[in-house]
Amino acid sequence: MLFSQKILNWYHIFGRKNLPWQKKNIYLIWISEIMLQRTQVKTVIPYFKKFKKNFPTLKSLAYANINEILYLWSGLGYYQRAHNIHKTAIIIQKTHNGIFPKNINEVKKLPGIGPSTAGAILSFAYNFIYAVLDSNVKRILIRYHAININYKTKNQLDKILWKLINQYIPIHQSRKFNQAMMDIGSIICTNKNPSCSICPLHNTCKYYIHKINFKELVHKKKNRIGILFSIIKYKNMYLLKQQNRISIWKSLFYFPITFFSISKKKYEKFKKKINNLNTIINPFIHYASNVQLYIYSHTIIIKKKKIIKNINQKKIWYDILKERKIGIPAPVKKILTLLKTKN
DNA sequence: GTCCAGGTTC
DNA sequence: GAACCTGGAC
């Protein structure tokens, strides 16, 4: 039996068919595919539903305020994606008459859409014959063909894998094929302890037959960075700043921040200093991107505050008892929730 | 406490 | 090749 036939047969019995974005609405498919970039299905579902409710159409998104988009994105991570969907919505509104393009080259030009996402969008929306090559699909192909990835650069490997997947993708059922490949990759052909016995490809898979397993390269150790949040409180309100210059959490709102080196000497010195500060939030570690953030905070309670500036300016007084439509990074949300309970 | 899953961009 | 985030598993 052909590779693609095995995949399609599996899909008809086990494939995921009721995900909230599987409705042939290209706008919603696009949003879901962006959310799914380096983010797992179960994480995306609640965010997608909330997003769909608030921005049901491309037009509503194009005219939205970026802070409102970041608010709905808060906690999902990789906030550049939120900026990119806004940019894309505006581009489509202006230069494509509000209609999401059908041409793959046009789609790939849009911010935040690479080759894999472009294939996913067009195959899911229109059943066009474009493949998806995300890490689930890559893992299947690497194992199936026992490709030794240690001798290849990322580019060389991608070229090989694209060639393979383009050979396998069936002419009439690309939508089902792509969905099934991702399902199998994430449910069966998992990174650790794959469930080969229930895999539709195991009869011809080199990894299964010959027990060939090439280990992936180990991850680089993350750098430690110290952060001090200055929690400035006035009644129920906290001072938050929108930061654009710092690369992490770009244009999200958080407490005034000080970075410090975590080199042993400086860190010890800083720790002593911190211990003298007035704080009600215990220090904690937050992993972000390629860094390990050691997050400390100190509290300053003020009796009189400056004039409240509006949302388009960089500083705001955030009332913890009121929801406000701004983007807030996960660890800052966590602190605000703690402050609420201690209020 | 540390590790893991997960595409695009520059 | 490095930067970008978070929740949950261990």
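In this text the structure is predicted, and so the values were computed from the model without any measurement. Letters A, B, ... mirror the listed sequences (proteins, then strands); counts begin at 1.
Between dG7(B), dT2(B), dC4(B), one nucleotide has an atom nearer to the side chain of Y294(A) than all others, and that is dT2(B). Among dG6(B), dT8(B), dT2(B), the nucleotide with an atom closest to any side-chain atom of S186(A) is dG6(B). Ranking dG7(C), dT2(B), dT8(B) by closeness to the A330(A) side chain, first place goes to dG7(C). Among the nucleotides dT2(B), dG7(B), dG7(C), the one closest to the side chain of T117(A) is dG7(B). Distances from the side chain of R224(A) to the nucleotides dA5(B), dT2(B), dA3(C) place dT2(B) closest. In this structure, the nucleotide among dT8(B), dA3(C), dG6(B) sitting nearest to the side chain of N136(A) is dG6(B).
Computed from coordinates, the E33(A) CD to dT8(B) C1' distance equals 14 Å when rounded to whole Å. Regarding L76(A), its CG atom lies at a distance of 14 Å from the C1' atom of dG7(B), rounded to whole Å. Atom-to-atom, NZ of K250(A) to C1' of dC5(C) comes out at 15 Å; the value is rounded to the nearest Å. Distance NZ (K222(A)) to P (dC3(B)): 9 Å, rounded to an integer number of Å. Spacing between atom CD of Q292(A) and atom P of dG1(B) amounts to 11 Å, rounded to whole angstrom units. Distance R38(A) CZ to dG7(C) P: 16 Å, rounded to the nearest Å. Note: CG (L110(A)) to C1' (dG7(B)) measures 16 Å, nearest angstrom. Between the C1' atom of dG8(C) and the CG atom of N191(A) lies a distance of 16 Å, rounded to the nearest Å.
Residue-to-nucleotide proximity on DNA chain C shows that, of P331(A) and T153(A), the 5′-proximal contact is made by T153(A). Residue T39(A) is the one, among T39(A) and K108(A), whose nearest nucleotide of DNA chain B lies closer to the 5' end (criterion: closest heavy atom). Position along DNA chain B of the nearest nucleotide to K154(A) versus I285(A) favours I285(A) as the more 5'-ward residue.
For Q40(A) and dG7(C), the shortest distance from a side-chain N or O to OP1 or OP2 is not below 4.0 Å. Residue N290(A) places none of its side-chain N or O atoms closer than 4.0 Å to OP1 or OP2 of dA2(C). Between S289(A) and dA2(C), a side-chain N or O to OP1/OP2 separation shorter than 4.0 Å is absent. When the side-chain nitrogen and oxygen atoms of R139(A) are compared with OP1 and OP2 of dG6(B), one or more of them lie within a distance under 4.0 Å.
In this structure, W21(A) and F48(A) have perpendicular ring planes: the angle between them is above 60°, well past the 30° mark.
Nucleic acid contact class of L133(A) (heavy atoms, under 4.0 Å, all strands): none. Nucleic acid contact class of A288(A) (heavy atoms, under 4.0 Å, all strands): base. Nucleic acid contact for T43(A): none, since no nucleic acid atom lies under 4.0 Å from a heavy atom of the residue. Residue-level contact check: N84(A) touches neither bases nor backbone, having no heavy atom under 4.0 Å from any strand.
A salt bridge links K138(A) to D158(A): one of the charged nitrogens lies within less than 4.0 Å of a carboxylate oxygen.
The local environment of NZ in K50(A) is crowded, with over 12 non-hydrogen atoms from other residues, nucleotides or ligands closer than 6.0 Å. The environment of K6(A) atom NZ is dense: over 12 non-hydrogen atoms of other residues, nucleotides or ligands sit within 6.0 angstrom.
For the 3.5 Å distance criterion, the side chains of T190(A) and R139(A) fail to qualify, holding no donor opposite an acceptor. Between the side chains of S197(A) and H202(A), no donor-acceptor pair is found at a separation under 3.5 Å.
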